[in-house]
Colleague: 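I'd like to ask you about the structure that follows.
As the structure is a computational prediction, the values presented were derived from the model and not from experiment.
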Amino acid sequence: NSCPGCCPSTYNSTVSRLAFSFLLLLGSLVSVIMILPGMEAQLKKIPGFCVNCDVIVGYKSVYRMCFAMACFFFLFSIIMIRVRSSKDPRASLQNGFWFFKFLILVGITVGAFFIPDGTFNTVWFYFGVVGSFIFIIIQLILLVDFSHTWNQSWLENAEEGNSKCWFAALLSFTVLHYALAFSAVVLFYVYYTTGDDCTEHKIFISLNLIFCIIISIVAILPKVQEAQPSSGLLQASLISLYTMYVTWSAMTNNPNRKCNPSLLSLVNNTPSPTPAPGQEVQWWDAQGIIGLVIFFFCTLYASIRSSNNTQVNRLMQTEEDQGLAADDHEAAMGEDGVRRAVDNEEDAVTYSYSFFHFSLCLASLYIMMTLTNWYQPDADYQAMQSSMPAVWVKISSSWIGLALYLWTLVAPVILSNRDFN
């Protein structure tokens, strides 16, 4: 075909997901650049964009960039509802016309920078809070799936080759994850519970520690092992480590500086300063950078994942048996000897187009909140401040994520009459 950008049959499902994920990562990179020190002077040159808002110009820029990405992916999520196979005319929009889709995204972005302030920042903050809450749970589901695939792959390698070596590797990573999680708990108790008003932090740390112990025990129960031979402590250890990260991320949003010391203040053994009105905001911190790394990993993994975990596939709206196997049909040899990509979704799509775009929409909101540290400007736009709702959103998302992981463990045991294999 001479027009690879226009014909859906020239793209398989993985390539399309990677291409959309690239657009998301490209927008995220632009957002990162906008919030870097020194960019304020350039952004204020946009006519009417920033009047007497020196402190929040980077904040406003990130919000508008991520608003454009969220709108773009939400639009495609609506368009792709109930697409069953590549024979649907709408599949051509999913798998082709990339140049025009890029232009649409650019057009929405340009328009977003001319949105007047008014209540936009406040309203979109709450959209970001809700979307990030859901995306944190999706990240945990993806980590469950990744750890399941990782564990299963290494167990198969152990059966085929040097079993002692592979089992030692599994044990090493499991111990490492638990060691990091336990170390995090100790550090949390030492540095984030010292103030008189830090009772919430003590409760958060203690509850999540107990919950992580519970899922670790359940993962190795005989009945769970019988129903799911590939379940084990590797998955539970990775989920425990991620839970501790979310707990840390939540506590760093506490507006009470006695309960939320910065890493710089811990190193220098000095109190954490509270930014004064008009003072430049420090957007970057350790938990934000780690959050970006996890975000990039989960976005890439969501684009290439091919799982046989039935519970996770149902949660993520994918089916491992739908369509043709991409690995076997990724390319075909033409009469002229040239290898060409072929359509692997003529019978049925291998993933929900609509849900995939909805996930990217939520990812756009998550990256917006992460880059701005979940801050809100004060009434006169002269200072940025943390808020307790951000703390509760993150903590509650960790609890729901743990509950979902626990369900993937016990569902085959409780609902033994249903097929989970």
Colleague: Angle between ring planes, Trp154 versus Trp150, binned at 30° and 60°: parallel, tilted or perpendicular?
Modeller: perpendicular
Colleague: I'd like to know whether CZ of Phe297 has more than 12 heavy-atom contacts from other residues, nucleotides or ligands below 6.0 angstrom.
Modeller: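 Buried by this count: over 12 neighbours within 6.0 Å.
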Colleague: Any side-chain donor paired with an acceptor under 3.5 Å for Asn121 and Lys60?
Modeller: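 The criterion, which ignores hydrogens and geometry beyond distance, is not satisfied for Lys60 and Asn121.
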Colleague: Would you call Ile136 and Ser398 a side-chain contact if the rule is heavy atoms closer than 4.5 Å?
Modeller: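 Counting from C-beta outward, Ile136 and Ser398 never come under 4.5 Å.
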Colleague: Should we say atom CH2 of Trp392 is surrounded by more than 12 heavy atoms from elsewhere, each under 6.0 Å from it?
Modeller: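 12 or below, so no.
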Colleague: Set out, in order, the CA-CA distance, both residues' side-chain angles and the distance that settles ring pair (Phe, Tyr, Trp, His ring centres under 6.0 Å) for Phe20 and Trp98, then state yes or no.
Modeller: CA-CA 9 Å; Phe20 276 110; Trp98 294 104; 4.8 Å; yes
Colleague: Below 4.5 Å, heavy atoms only, C-beta onward: do Phe100 and Leu105 meet side chain to side chain?
Modeller: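 Sidechains of Leu105 and Phe100: no contact.
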Colleague: Assess the residue pair Val246 and Ile395 against the criterion (side chain to side chain contact (heavy atoms under 4.5 Å, CB included)); give the C-alpha distance rounded to whole Å, side-chain angles, the decisive distance to 0.1 Å, and a yes or no.
Modeller: CA-CA 7 Å; Val246 176; Ile395 283 295; 5.8 Å; no
Colleague: Shortest non-hydrogen contact from Cys212 to Met244?
Modeller: SG-CE, 4.0 Å
Colleague: Are Leu362 and Phe73 side-chain neighbours, meaning at least one heavy-atom pair lies under 4.5 Å?
Modeller: no
Colleague: So which atom in Ala227 and which in Val413 form the shortest heavy-atom distance, rounded to 0.1 Å?
Modeller: CB-CG2, 4.1 Å
Colleague: Locate the shortest heavy-atom distance separating Val224 from Ala219; write the atom from each residue and the value.
Modeller: CG1-O, 4.0 Å
Colleague: Quick one: does any side-chain atom of Ser147 pair with a main-chain N or O of Val144 as donor and acceptor, under 3.5 Å?
Modeller: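 Confirmed, Ser147 side chain pairs with Val144 backbone.
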Colleague: With sequence neighbours left out, which residue pairs that include part of residues 169-178 fulfil the side chain to side chain donor-acceptor pair (under 3.5 Å) condition?
Modeller: His177-Ser237, Tyr178-Ser216
Colleague: Could you tell me if Tyr405 and Gln235 have a donor-acceptor pair between their side chains, going purely by distance under 3.5 Å?
Modeller: no
Colleague: Arg90 side chain to Ile79 main-chain N or O, any donor-acceptor pair under 3.5 Å?
Modeller: yes
Colleague: Roughly how far, to the nearest 0.5 Å, is the CD atom of Glu200 from the CE atom of Met251?
Modeller: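 Between atom CE of Met251 and atom CD of Glu200 there are 12.0 Å.
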Colleague: Which heavy atom of Leu140 sits nearest a heavy atom of Gly401, and at what distance?
Modeller: CD2-O, 3.2 Å
Colleague: About how many Å separate CG of Leu365 and CZ of Phe133, when rounded to the nearest 0.5 Å?
Modeller: 14.0 Å
Colleague: Heavy atoms, side chains only, cut-off 4.5 Å: are Met65 and Val62 in contact?
Modeller: no
Colleague: Go through the steps to decide whether Lys202 and Thr193 satisfy the test side chain to side chain donor-acceptor pair (under 3.5 Å), and finish with yes or no.
Modeller: CA-CA 6 Å; Lys202 296 177 183 178; Thr193 62; 5.6 Å; no
Colleague: Using the six-membered ring wherever Trp is involved, compare the ring planes of Phe188 and Tyr192 and label them parallel, tilted or perpendicular (cut-offs 30° and 60°).
Modeller: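 Ring orientation, 0 to 90° scale: perpendicular.
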Colleague: Using the test disulfide (SG to SG under 2.5 Å), find all partners of Cys71 that sit at least two apart in sequence or belong to another chain.
Modeller: none
Colleague: Which heavy atom of Asn373 sits nearest a heavy atom of Asn253, and at what distance?
Modeller: O-ND2, 2.8 Å
Colleague: Atom CD1 of Ile138 and atom OH of Tyr366: how far apart are they, to the nearest 0.5 Å?
Modeller: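 Those atoms lie 12.0 Å apart.
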Colleague: To the nearest 0.5 Å, what is the distance between CZ on Phe72 and NE2 on His357?
Modeller: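 Here the interatomic distance stands at 7.5 Å.
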Colleague: Do other residues, nucleotides or ligands put more than 12 heavy atoms under 6.0 Å from the CZ atom of Phe211?
Modeller: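 Counting other residues, nucleotides and ligands, CZ of Phe211 exceeds 12 neighbours.
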Colleague: Any side-chain heavy atom of Tyr191 within less than 4.5 Å of one from His201?
Modeller: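 No, too far: nothing below the 4.5 Å cut-off.
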Colleague: Nearest 0.5 Å, what's the OG-CD1 distance between Ser397 and Ile137?
Modeller: 6.0 Å
Colleague: Would you say Tyr189 has more than 12 foreign heavy atoms packed within less than 6.0 Å of its OH?
Modeller: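 Yes, because the 6.0 Å sphere around OH of Tyr189 holds more than 12 heavy atoms from other groups.
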Colleague: Does the side chain of Arg82 reach to within under 4.5 Å of the side chain of Ser354, using non-hydrogen atoms?
Modeller: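 No, their side chains stay 4.5 Å or more apart.
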Colleague: Evaluate Ser21 against Phe356 for side chain to side chain contact (heavy atoms under 4.5 Å, CB included), listing each step before the verdict.
Modeller: CA-CA 10 Å; Ser21 297; Phe356 175 72; 4.0 Å; yes
Colleague: Counting N and O atoms only, with roles assigned by atom type, does the side chain of Ser352 sit under 3.5 Å from a partner on the main chain of Phe355, one being a donor and the other an acceptor?
Modeller: yes
Colleague: Evaluate Gln152 against Thr149 for side chain to side chain contact (heavy atoms under 4.5 Å, CB included), listing each step before the verdict.
Modeller: CA-CA 5 Å; Gln152 189 174 45; Thr149 304; 5.7 Å; no
Colleague: Could you tell me the separation between the SG atom of Cys361 and the CD1 atom of Ile78, rounded to the nearest 0.5 Å?
Modeller: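 Reported to 0.5 Å precision, the distance equals 9.5 Å.
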Colleague: Under the ring pair (Phe, Tyr, Trp, His ring centres under 6.0 Å) criterion, do Phe67 and Phe120 qualify, and how do the steps go?
Modeller: CA-CA 10 Å; Phe67 169 79; Phe120 172 80; 5.3 Å; yes
Colleague: Can you find a pair of side-chain heavy atoms, one from Ile203 and one from Thr199, that are under 4.5 Å apart?
Modeller: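 Ile203 reaches Thr199 side chain to side chain.
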Colleague: Can you check whether Phe102 reaches Val106 side chain to side chain, under 4.5 Å on heavy atoms?
Modeller: yes
Colleague: Is there a donor-acceptor pair under 3.5 Å between the side chain of Thr194 and the backbone N or O of Val190?
Modeller: no
Colleague: More than 12 foreign heavy atoms under 6.0 Å from CZ of Phe296: is that the case here?
Modeller: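 Count over threshold, so yes.
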Colleague: Strictly by modelled atom types, are Ser77 and Tyr353 linked by a side-chain donor-acceptor pair under 3.5 Å?
Modeller: no
Colleague: For the backbone of Ser249 and the side chain of Thr252, can you confirm whether one donor and one acceptor N or O come within less than 3.5 Å of each other?
Modeller: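 Indeed, once roles are kept as given, a pair shorter than 3.5 Å links the two residues.
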Colleague: Between the side chains of Asn208 and Thr247, does any donor sit under 3.5 Å from an acceptor?
Modeller: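 Side chains of Asn208 and Thr247: pair found under 3.5 Å.
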Colleague: Return the set of residues passing ring-ring contact (aromatic ring centres under 6.0 Å, His included) with Phe125 (not counting sequence neighbours), or none when no residue passes.
Modeller: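 Once residues adjacent in sequence are excluded, Phe125 has no partner under the ring-ring contact (aromatic ring centres under 6.0 Å, His included) criterion.
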Colleague: Please determine whether ring pair (Phe, Tyr, Trp, His ring centres under 6.0 Å) holds for the pair Phe204 and Trp248, giving the CA-CA distance in whole Å, both sets of side-chain angles, and the decisive distance to 0.1 Å.
Modeller: CA-CA 10 Å; Phe204 295 156; Trp248 176 40; over 10 Å; no
Colleague: Could you pull out the closest heavy-atom pair between Leu404 and Ile141, with the gap in Å?
Modeller: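 Taking every non-hydrogen atom into account, CD1-CD1, 4.0 Å.
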Colleague: Start with the C-alpha distance between Leu24 and Ser364, add both sets of side-chain angles, then the distance that settles side chain to side chain contact (heavy atoms under 4.5 Å, CB included), and finish with yes or no.
Modeller: CA-CA 7 Å; Leu24 173 66; Ser364 302; 3.4 Å; yes
